[in-house]
Amino acid sequence: MGQQQLLLLVLSAIIVGVSIVIGINMFASGAVQANEDAVVQDCLNIAARAQEWFRKPTAMGGGNRSFTDVELVKLNIKPTNENVSAPFTVVGLDSVVTIVGIGIEGSPLKVTIIAGPNAITSTTIEQ
């Protein structure tokens with residue numbers, strides 16, 4: 001009977017250990033997914049503000065139908081936050097703006113959003 005109890009104890013310890021490892025892995029993958037979602041949402045927010053800025057006349061502090069001089073300061077957005085490891089990058093051309101955010105979780109996560117005056121035309125997520 002002693003060997004059977006010892007076997008059950010060892011088996012229980014193995015099951016608990018495997019469960020803990022699986023839980024840690026699930027938590028880590030959840031953190032990476034949450035960071036990806038947050039960076040995408042931040043970039044979409046910047047794109048929406050850039051579209052708003054595009055429509056405003058210069059006299060009201062806008063771009064007067066051009067993305068050429070768009071900057072985070074002009075959009076009233078902080079260059080960094082708790083979701084990114086480097087400042088957001090905003091590059092505007094006449095009728096298109098590109099926003100890049102680099103996440104902090106997992107392998108370097110890079111989110112690139114390209115927006116025009118009326119729509120988000122491209123969203124790229126690179127792991």
Side-chain angles (χ1 to χ4, degrees):
M1 191 79 163
Q3 286 182 343
Q4 194 174 23
Q5 289 175 339
L6 185 60
L7 181 62
L8 286 174
L9 183 65
V10 169
L11 186 60
S12 299
I14 291 172
I15 290 173
V16 168
V18 169
S19 299
I20 290 172
V21 169
I22 289 172
I24 289 171
N25 287 340
M26 288 177 64
F27 179 78
S29 67
V32 170
Q33 184 63 42
N35 183 244
E36 178 181 320
D37 293 343
V39 174
V40 168
Q41 188 61 39
D42 289 339
C43 289
L44 288 173
N45 182 36
I46 294 169
R49 293 233 186 141
Q51 289 172 332
E52 176 186 354
W53 184 82
F54 175 89
R55 289 182 182 84
K56 281 185 187 177
T58 306
M60 295 178 68
N64 199 28
R65 315 273 319 150
S66 174
F67 287 116
T68 302
D69 294 327
V70 68
E71 297 173 3
L72 290 173
V73 174
K74 293 178 181 178
L75 301 177
N76 198 21
I77 295 177
K78 295 178 183 177
T80 61
N81 63 24
E82 64 277 356
N83 301 322
V84 292
S85 62
F88 290 102
T89 305
V90 177
V91 177
L93 299 174
D94 188 41
S95 62
V96 69
V97 63
T98 303
I99 300 111
V100 177
I102 299 173
I104 59 171
E105 290 289 335
S107 62
L109 164 75
K110 181 179 178 185
V111 176
T112 305
I113 291 183
I114 300 172
N118 301 314
I120 306 295
T121 56
S122 172
T123 303
T124 307
I125 301 170
E126 300 172 21
Q127 293 282 345

Does a side-chain heavy-atom distance below 4.5 Å link [X] with [Y]?
{"X": "Glu126", "Y": "Leu109", "value": "no"}
{"X": "Lys110", "Y": "Val39", "value": "no"}
{"X": "Met26", "Y": "Ile22", "value": "yes"}

Test of understanding: clusters of I, L, V, M, F, W, Y form through side-chain heavy atoms closer than 4.5 Å, transitively. Do [X] and [Y] belong to the same one?
{"X": "Val84", "Y": "Val32", "result": "no"}
{"X": "Val100", "Y": "Val90", "result": "no"}
{"X": "Ile99", "Y": "Val73", "result": "no"}
{"X": "Ile104", "Y": "Val40", "result": "no"}
{"X": "Val70", "Y": "Phe54", "result": "yes"}

Notebook entry, point to check: Just by distance, do the side chain of Trp53 and the backbone of Gly61 share a donor-acceptor pair under 3.5 Å?
Noted result: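 The answer is yes, because a donor-acceptor pair under 3.5 Å joins these two groups.
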Notebook entry, point to check: Looking only at atom types and distance, does a side-chain atom of Arg55 sit under 3.5 Å from a main-chain N or O of Pro117, one as donor and one as acceptor?
Noted result: yes
Can you give me the closest heavy-atom contact between [X] and [Y], atom names plus distance?
{"X": "Asn35", "Y": "Gly103", "result": "OD1-CA, 3.3 Å"}
{"X": "Ala86", "Y": "Thr80", "result": "C-CG2, 4.1 Å"}
{"X": "Cys43", "Y": "Gly101", "result": "SG-N, 3.8 Å"}
{"X": "Gly116", "Y": "Thr121", "result": "N-CG2, 4.3 Å"}
{"X": "Arg49", "Y": "Ile77", "result": "NH1-CG1, 3.4 Å"}

Rounded to the nearest 0.5 Å, how far apart are [atom1] of [X] and [atom2] of [Y]?
{"X": "Ile46", "Y": "Ile113", "atom1": "CD1", "atom2": "CD1", "result": "8.5 Å"}
{"X": "Ile102", "Y": "Asn83", "atom1": "CD1", "atom2": "CG", "result": "13.5 Å"}
{"X": "Arg65", "Y": "Thr58", "atom1": "CZ", "atom2": "OG1", "result": "12.0 Å"}
{"X": "Ser12", "Y": "Leu7", "atom1": "OG", "atom2": "CG", "result": "9.0 Å"}
{"X": "Lys78", "Y": "Asp42", "atom1": "NZ", "atom2": "CG", "result": "12.0 Å"}

Checklist line | Contact list for residues 87-104, test side chain to side chain donor-acceptor pair (under 3.5 Å), sequence neighbours left out | finding: Ser66-Asp94
Checklist line | ring-ring contact (aromatic ring centres under 6.0 Å, His included) partners of Phe88, counting only residues at least two apart | finding: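 Partners of Phe88 under the ring-ring contact (aromatic ring centres under 6.0 Å, His included) test: none.
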Next item on the list: Under 4.5 Å between side-chain heavy atoms, chaining through other members, with only Ile, Leu, Val, Met, Phe, Trp and Tyr counted: pull out the rest of the cluster around Ile114, sorted by chain and number.
Entry: Leu93, Val96
Notebook entry, point to check: Do we see a donor-acceptor contact under 3.5 Å between the side chains of Asp37 and Gln33?
Noted result: yes
Check: Any chance CG of Asn76 has more than 12 other-residue heavy atoms, nucleotides or ligands included, within less than 6.0 Å?
Finding: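 Open.
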